[in-house]
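Quick note on labels: first sequence line is chain A, next is B, and so on, each numbered from 1.
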4 protein chains.
Amino acid sequence: MTSRPVRITVVGGSRCDAETASLAERVGQEIARGGGILISGGLGGVMEAASRGARLAGGVTVGILPGPHADDANEFVKIPIVTDMGQARNVINVLSGNAVIALPGMEGTLSEIATALKSGIPTVALGAWSDVAGVIPATTPEEAVRLAFERARESAK
Amino acid sequence: MTSRPVRITVVGGSRCDAETASLAERVGQEIARGGGILISGGLGGVMEAASRGARLAGGVTVGILPGPHADDANEFVKIPIVTDMGQARNVINVLSGNAVIALPGMEGTLSEIATALKSGIPTVALGAWSDVAGVIPATTPEEAVRLAFERARESAK
Amino acid sequence: MTSRPVRITVVGGSRCDAETASLAERVGQEIARGGGILISGGLGGVMEAASRGARLAGGVTVGILPGPHADDANEFVKIPIVTDMGQARNVINVLSGNAVIALPGMEGTLSEIATALKSGIPTVALGAWSDVAGVIPATTPEEAVRLAFERARESAK
Amino acid sequence: MTSRPVRITVVGGSRCDAETASLAERVGQEIARGGGILISGGLGGVMEAASRGARLAGGVTVGILPGPHADDANEFVKIPIVTDMGQARNVINVLSGNAVIALPGMEGTLSEIATALKSGIPTVALGAWSDVAGVIPATTPEEAVRLAFERARESAK
């Protein structure tokens, strides 16, 4: 078979303001345009906005859910993965990406960034988190996605 | 968005004989032809044969891996999900399907069937396991997939 | 430090009849008398009866819980382990024992037996499951615990 | 039964300098003297030093291991819990404590602090992490353990 599409994991708050949602949607859109698969935690806020951007651009979206029901996924998740593992699903979410893009969020997002860095997965920060040692800062969604694809291909996981 | 594709999880041995591989490949093919997404554990044997059948028929295949490396997935897995959770990934594998089709396997397969039954996920048995209370026996790959789609739609997860 | 106590995992239904509860309680009692640590899923039925037997005999009981709250543990669990991982906690439950004793139960118990067998953990069956290939049948709680300790020490995990 | 002992989870680097090891050992000692159960990730560095302190003071130590082998636990772990779930075991480690004490460490430690804060588990920082919003800073092992017990009893999980 031909090689697999690049998988980019997008993490961020399960609730977010309109500005962050707009950034997330553009991130999702760019991932889809670049031929990548968008992985997220499948719920609301940044996860939903990024999934929306990717789906509307014709992309494939995977949502790795913390609960036992596929229906908890937002409507833009094409493929829900049902873990019923609560916060432990954050680890799967991160490990499944060739790179991670982190948008604003709370402690859950921070734990995902820390897990990614520990695992050596390239992690791009957009709109927050640029003070965490090891993350790659970006200033626009387009730059964030470009950096994520570049690093994902380098790490060639 | 339009409704999601049906997800069918195929479980069975990580090594298998040619006859079982042929059954598994036809199962994967029928799932893809029916517009379903094939979910498996992503490794060899039944998982690889079913994924091969689905991919060659143009379908989407997800492999939920026990280890930390996406490259452990067989070449017919389009979307690897990296859990690094060993046997616990069997639970995710099962919960993520709207229905399960079980082919011959060993204890790992039995644990997946038991998990599916406990979770109320319709479970079709092909070529083995028909003695486990609660499974739905099928005699051909085509019948197994037809039953799986029917039950998946009824349970409307 | 001196060597660790043997850990025996007891699995079985989260509800059970009085006869099975009595068997489970005697199993727990014997494990404690033998200086073993009792591991269970921490909830009701067989888990509670076995934990009761062990605690009343002065033993240490660990309960590996599926939900997010330590208070879900039955009152005879001394050390609750909180997984919030649903059925995936069954895998931890089994892997943490040097041997497993299985009493009557449903699909959850079957999945634990299958997981133990797959992992090469000696598995003694009491009152049910003797038809599963690979389990070691016992006819009394005393025999079950004796066999479990013997095999646990042989496997010397 | 009487009420359960308080469980304090100690997190920190799997390697550490002598000064941090000394702090960790005193933390473990104080937990045991206070009648608490020490929970850790069961490996080296801070985990081993804290477990050593607790065991030498007569306490009970639990080690929640990332791999499939109980023998990976350091020698001061009395009760190894075998998860075979890699980094996801960090979540269990944290959720199983009534309070968390964080010593110096790397990204794994940060992910545990973030998980604790997200779950509302009181988190005391000793020797590092005092800049993370929400943690409770302490300046000595004795103060850290006193604060942890106080907050654990207040949260009365």
Applying a strict 4.5 Å limit to non-hydrogen atoms, the region of B/Val77 in contact with chain A is both

Here the gap from A/Asp71 atom CG to B/Arg4 atom CZ, rounded to the nearest 0.5 Å, amounts to 7.0 Å

Applying a strict 4.5 Å limit to non-hydrogen atoms, the region of B/Ile64 in contact with chain A is side chain

Counting heavy-atom pairs under 4.5 Å with chain A, the top scorer among B/Ile79, B/Val60, B/Asp84 is B/Ile79

The reported gap from NE2 in A/His69 to CG in B/Leu95 (rounded to nearest 0.5 angstrom) is 10.0 Å

If you apply the rule side chain to side chain contact (heavy atoms under 4.5 Å, CB included), what do you find for A/Val62 with B/Val62, and how did you get there? CA-CA 10 Å; A/Val62 175; B/Val62 176; over 6 Å; no

Cut-off 4.5 Å, heavy atoms of chain A, and the answer for B/Asp72 is neither

Item to check | Stepwise side chain to side chain contact (heavy atoms under 4.5 Å, CB included) test for B/Ile81 and A/Ile92 | outcome: CA-CA 7 Å; B/Ile81 301 295; A/Ile92 305 173; 3.6 Å; yes

